[in-house]
Amino acid sequence: MEKIFVTGGRSLNGKIEISGMKNSALPIIFACLLINEECILENIPMVSDVENALFILRQMGAYASFIDEHTVKINARNASLIDLDLDIISKMRASSYLMSTCLSRFGSVSMAYPGGCNFGVRPIEQHIKGFQALGATLIENTDLISLKFGKRPKNTKIVLDKISVGATINMIMASAISDGITIIENIAKEPHVLDLIAFLNICGADISLYENQIKVVGVKGLKGIRYRIYSDMIEALTFACCVGVTGGEIALQNVEGEHLEGVLSVFDKMGISHRYKNGALYIKKNASIRGADIVTAPYPAFPTDLHPQFSALLCYCDGGGSVIEGIFPNRFAYAVELEKLGARLNRVDNKIIIEKSLLHGATLDATDLRAGAALVVAALGATGKSTINNVNYIVRGYERLVSKLASVGADIFCDVK
Ligand code: UD1
């Protein structure tokens, strides 16, 4: 089994190239199923979730491959509805985007429940409710989700009961090609939602974003384009957490600064400063850093996908700090692992309070993608050697995390590429 080995205590200095955003790449790759022409997608991260998404498209008969390190070519003209590979679908959250794209393209879909990181129950009733409003029938609901489009209403208004990235994206993709108008309310406005809208509009869709509403005027079809996706805000902020732990200064290249501002303003107050120079974002740790109390919530608030890494950072902050998890109340599997490093923390319901602690090396288990990243952050500052198991979780969403950190001075290596 793949492991990461870290010896803590090295400061980080140098440049890191941020990869494309996994959570943009996945819906945009699946959106290519809506298009009968070739699409070229640039800035695609080479992570295992992306490789799995391309594999699914190829299973369906589409052409879907990397044509250089970060560019993917997709042509779904020959795609057809097949029995979708249950093993892969149940491993990946973004496979839920097959529901909307297959419904739109083929009129029906039957697939396993989408999987993804396991931090508690991840229901999809908002997706189903929206598909039903758009005229779909849920045929069965046991181990498989089977949906079939019937007569689609001309005009549809879908009010999501809770803000959901996945449901917002699925409603957009299910309604982009239609002969009606769809209003979606109580929407997620994460950068990856906006990235998908921008992609589809350049393909010929008619999608408008308002304060708390998305209006989709259905079009007859979409054309193939070349498109560059956003860079990954969570990857950039994970490296900022690393510098907060180790000290030093790193220059992050290929960042979308406006997506990072909310979190960087928190970091500023803690003593992790940032500045832009020659197109790069420089992150530097001041002599001492203070903790903070944060609450995760939908964008533009503090992202849940940075919660575990931020908790790792808090172990090194004067006064400690706390995180209230406002999206996934059970996203705390990393806490037991931080305790193995010597972290002093206390979790009550969806809140964790973390004291400044002297961390030492240990053998740790990554339990999900961001939890795995948090263990790397924590181990970089710990005294002595740490081993992190289950690297397969980390490579789902971080491209070359180990070699990027090694290139800026971390003592880290992995027993796989
Ligand atoms: C996406 C991201 C994930 C991120 C999350 C929140 C992808 C592939 N994954 O996940 O990295 O952590 O957004 O920013 O982009 N909910 C329901 N019913 C539903 C749908 C959601 O109750 O039908 C709840 C969820 O359990 C959760 C909250 O709504 O409590 C938000 O979930 P959602 O935004 O849908 O997350 P994902 O799209 O799964």
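Because the structure is a prediction, the values reported are computed rather than measured. In each ligand, atom 1 is the first atom listed, and ligand 1 is the first ligand listed. Quick note: residue numbers are just sequence positions, from 1.
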Before signing off on this row, confirm whether [X] and ligand 1 have an N or O atom pair separated by under 3.5 Å.
X	answer
E125	yes
A94	no
S164	yes

F413 vs F5 aromatic rings, parallel, tilted or perpendicular, using cut-offs 30° and 60°? parallel
Proximal atoms of ligand 1 relative to G166 (non-hydrogen, under 4.0 Å): 35 (O), 38 (O)
Ligand-side contact atoms (ligand 1) for residue partner T304, heavy atom cut-off under 4.0 Å: 6 (C), 12 (O), 14 (O)
Residue-level breakdown please: for [X] versus ligand 1, do any non-hydrogen atoms fall below 4.0 Å on the side chain, on the backbone, on both, or on neither?
X	result
F328	side chain
K162	side chain
D305	side chain
R93	side chain
I163	backbone
V165	both

Can you name the nearest heavy-atom pair linking A112 to I145, along with the distance? O-CD1, 4.1 Å
So which atom in D305 and which in R331 form the shortest heavy-atom distance, rounded to 0.1 Å? OD1-NH1, 2.8 Å
Take atom NZ in K351; do more than 12 heavy atoms of anything else shown fall under 6.0 Å from it? no
Cation-aromatic face contact K215/Y210, 6.0 Å, 45 degrees: no
Tell me whether ligand 1 is touched by L26 - counting only heavy atoms on the residue side and a distance under 4.0 Å. no
Is A167 near ligand 1, meaning one of its heavy atoms is under 4.0 Å from it? no
Intermediate values then yes/no, salt bridge (charged side-chain N to carboxylate O under 4.0 Å, His left out), R347 and E325: CA-CA 11 Å; R347 178 194 163 188; E325 174 52 56; over 6 Å; no
Tell me if the centroids of the rings in F267 and H274 come within less than 6.0 Å of each other. no
Using ring centroids (six-membered ring only for Trp), state whether H307 and F332 fall under 6.0 Å. yes
